[in-house]
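For ligands, and for the atoms within them, numbers begin at 1 and follow the listed sequence. Along the sequence shown, residues are numbered consecutively beginning with 1.
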Amino acid sequence: MSQQVVLTGIKPTGTPHLGNLVGAIQPAIDLSQDNDKRAFYFIADYHALTGLKDAQLLRDYTKQVAAAWIALGLDPTRVVFYRQSDVPEVFELNWILACFAPKGLMNRAHAYKAIVQHNEDNGESDVDAGVNMGLYTYPILMAADILLMQTRWVPVGGDQVQHVEIARDIAQYFNRQYQRAVFTLPEAMIDEHGAVIPGLDGRKMSKSYNNTIPIFGTSDELRKRVFRIATDSSRPGEPKDPETSTIFQLFRLVATTEQTLAFRQQFLAGIAWKDAKEQLFAVLDQLLTAPRERYRDLMSDPVAISDVFRYGAQEARDLAQETMRHVRLAIGQNLL
Ligand code: ADP
Ligand code: TRP
């Protein structure tokens with residue numbers, strides 16, 4: 001049986017944090033070890049362009065995100081790892097799919113709806129203020145990414161499920177129009193743990209809340225961040241509830257079962273917050289030491305990442321060109 005394609009896009013819009021690692025990077029890397037699947041993971045740099053117009057930042061984030069995934073265990077000989085902008089077929093397909101995407105479908109996409117709502121709430125006379133066409137048609141470009149590689153499974157966070165459904169709808173419109181299965185129908189794949197990793201202030205860890213634990217800072221920076229985690233005012237010796245503690249929630253995500261059980265006992269016995277933070281720092285620091293070094297090496301070797309991208313783009317384009325041959329034939333773009 002041929003391998004099913006699993007594909008996901010990573011927007012280069014920030015330096016990866018612990019929430020990204022546990023919620024997205026690790027599950028995707030685990031999935032890529034599955035021999036029944038062929039993994040395509042790419043840096044969605046043209047999706048980032050809808051909001052990120054600073055050339056230096058786009059360059060830096062692209063490098064950082066690629067280096068992060070490789071340092072954390074993505075094997076570029078197992079995963080086709082590429083940059084969206086290196087695969088021109090994506091943009092050809094983007095146009096073709098745009099001709100099959102009802103405008104109303106874009107009106108209902110929630111990133112766009114959220115901005116319209118925001119404008120309405122602020123009494124803005126133009127409800128589309130701040131919306132460029134890239135942002136408006138974002139789901140079509142995402143459909144092109146997905147359908148081009150004949151993707152079956154798309155591992156994403158909950159906020160992206162609607163986009164995968166739009167890609168599936170567009171694939172069905174196309175297949176139905178030409179009475180043939182040109183595109184595989186994709187489906188979102190959500191990590192069953194689905195945990196939302198809390199940040200320093202207890203809310204979801206997110207770069208927008210400035211409450212993250214970055215993965216690749218120095219050991220010192222890591223320690224400082226961990227010591228900023230908000231705690232209640234209970235004193236050393238007072239029993240503490242592990243379930244409501246951000247320290248404990250983060251600890252259990254990265255520690256072994258035995259370590260977690262022992263840590264729980266210490267909470268019930270009234271561990272001081274300072275000591276709890278010290279222990280969380282110790283497991284995190286140990287976990288991140290080796291990736292941190294690999295990351296540093298990759299970031300200081302400018303060709304290493306571009307070599308990976310070049311190799312990945314070649315592989316991706318082989319499959320992309322095959323899909324495009326079927327697409328062009330289906331729409332009647334061939335003259336013979
Ligand atoms: P941020 O919220 O920092 O802007 P992104 O939206 O860029 O992060 O998320 C990139 C990926 O990381 C997504 O797949 C998202 O589901 C995952 N992710 C981000 N933050 C968390 C979190 N706190 N818990 C679990 N997963 C997360
Ligand atoms: N839209 C996704 C995000 O914001 C990134 C992305 C672009 C993507 N193309 C994709 C994800 C294709 C899955 C499949 O995170």
Side-chain angles (χ1 to χ4, degrees), residues 5-29 31 39-52 61-62 64-65 68-69 72 80-85 87 90-91 93-94 97 109-112 114 134-135 137-168 170-171 184 186-215 229 246 249-250 252-254 316 320:
V5 171
V6 41
L7 169 143
T8 199
I10 307 140
K11 255 201 321 183
T13 47
T15 315
H17 55 71
L18 196 64
N20 301 141
L21 170 60
V22 180
I25 303 176
Q26 198 57 55
I29 290 177
L31 198 59
F40 287 74
Y41 298 161
F42 66 95
I43 309 291
D45 51 350
Y46 275 0
H47 271 113
L49 192 61
T50 59
L52 178 59
Y61 286 153
T62 299
Q64 287 170 10
V65 170
W69 280 68
L72 291 164
V80 182
F81 193 46
Y82 59 102
R83 217 165 28 162
Q84 181 185 38
S85 59
V87 181
V90 170
F91 309 101
L93 185 58
N94 177 66
L97 297 181
H110 47 222
Y112 169 66
L135 189 141
T137 60
Y138 186 107
I140 302 178
L141 182 57
M142 192 160 151
D145 296 327
I146 295 171
L147 302 183
L148 188 61
M149 302 302 168
Q150 303 293 351
T151 305
R152 179 69 186 96
W153 300 108
V154 189
V156 281
D159 60 327
Q160 296 298 315
V161 172
Q162 186 195 27
H163 289 153
V164 181
E165 283 164 0
I166 291 175
R168 188 182 172 93
I170 296 176
T184 303
E187 227 172 293
M189 190 179 213
I190 306 195
D191 187 23
E192 68 269 22
H193 310 303
V196 172
I197 286 92
L200 303 179
D201 55 1
R203 291 187 291 172
K204 172 186 184 245
M205 186 179 291
S206 168
K207 60 181 173 295
S208 355
Y209 297 149
N210 197 16
N211 65 354
T212 65
I213 298 183
I215 307 174
I229 296 176
T246 301
Q249 299 311 315
L250 293 175
R252 65 145 49 122
L253 290 168
V254 290

Exercise check, heavy-atom protein proximity under 4.0 Å to atom 27 (C) of ligand 1: yes
Using a 4.5 Å cut-off on heavy atoms from C-beta on, say whether the side chain of Ile10 contacts that of Phe81. yes
Would a line drawn from the ring center of Phe91 to the ring center of Tyr46 be shorter than 6.0 Å? yes
Nearest 0.5 Å, what's the OH-CG distance between Tyr209 and Asp201? 9.0 Å
For ligand 1, which atoms have a heavy atom of Gly23 less than 4.0 angstrom away? 25 (C), 26 (N)
Over 12 foreign heavy atoms within 6.0 Å of CG, Asn210: no
Non-hydrogen atoms of Thr151 and Ile146 that approach each other most closely: OG1-O, 2.7 Å
Report yes or no: does His17 have a heavy atom closer than 4.0 Å to ligand 1? yes
Just going by heavy-atom distances, which of Leu18, Val22, Asn20 is nearest to atom 8 (O) of ligand 1? Asn20
Backbone N/O of Ser85 and side chain of Asp45: donor-acceptor pair under 3.5 Å: yes
Side chains of Val164 and Trp153, heavy atoms from C-beta outward: is any pair under 4.5 Å? no
Is there a donor-acceptor pair under 3.5 Å between the side chain of Gln162 and the backbone N or O of His110? yes
Please name the pair of heavy atoms, one in Pro198 and one in Met205, separated by the smallest distance, quoted to 0.1 Å. O-CE, 3.4 Å
Identify the protein heavy atom lying closest to atom 5 (P) of ligand 1, giving its residue, its atom name and the separation to 0.1 Å. Lys207 NZ, 3.8 Å
Closest approach of Pro155 to Val6 (non-hydrogen atoms, all atoms of both residues): CD-CG2, 3.6 Å
Students should be able to answer this: which protein heavy-atom is nearest to atom 16 (O) of ligand 1, and at what distance? Gly157 CA, 3.7 Å
Is Lys11 close enough to touch ligand 1? Criterion: a residue heavy atom under 4.0 Å from a ligand atom. no
Would you say the ring centroid of Tyr82 lies under 6.0 angstrom from that of Phe42? yes
To which protein heavy atom is atom 15 (C) of ligand 1 closest, and what is the distance rounded to 0.1 Å? Ala24 CB, 4.7 Å
Which atoms of ligand 1 are found less than 4.0 Å from any heavy atom of Val196? 24 (N)
Under 3.5 Å: N/O of Ile197 near N/O of ligand 1: yes
What protein heavy atom sits nearest atom 20 (N) of ligand 1, and how far off is it? Met205 O, 3.3 Å
Looking only at heavy atoms, which two atoms of Asn211 and Ser206 are closest? And how far apart? OD1-N, 2.9 Å
Show me the short polar-atom pairs for ligand 2: any N or O of it lying under 3.5 Å from a protein N or O, with distances only.
unit_1   : atom_1 : unit_2 : atom_2 : d
ligand 2 : 1 (N)  : Tyr138 : OH     : 2.7
ligand 2 : 1 (N)  : Gln160 : OE1    : 2.9
ligand 2 : 4 (O)  : Tyr138 : OH     : 2.9
ligand 2 : 4 (O)  : Gln160 : NE2    : 3.3
ligand 2 : 9 (N)  : Asp145 : OD2    : 2.7

Polar contact flag for Ser206 and ligand 1 (N/O pairs, less than 3.5 Å): yes
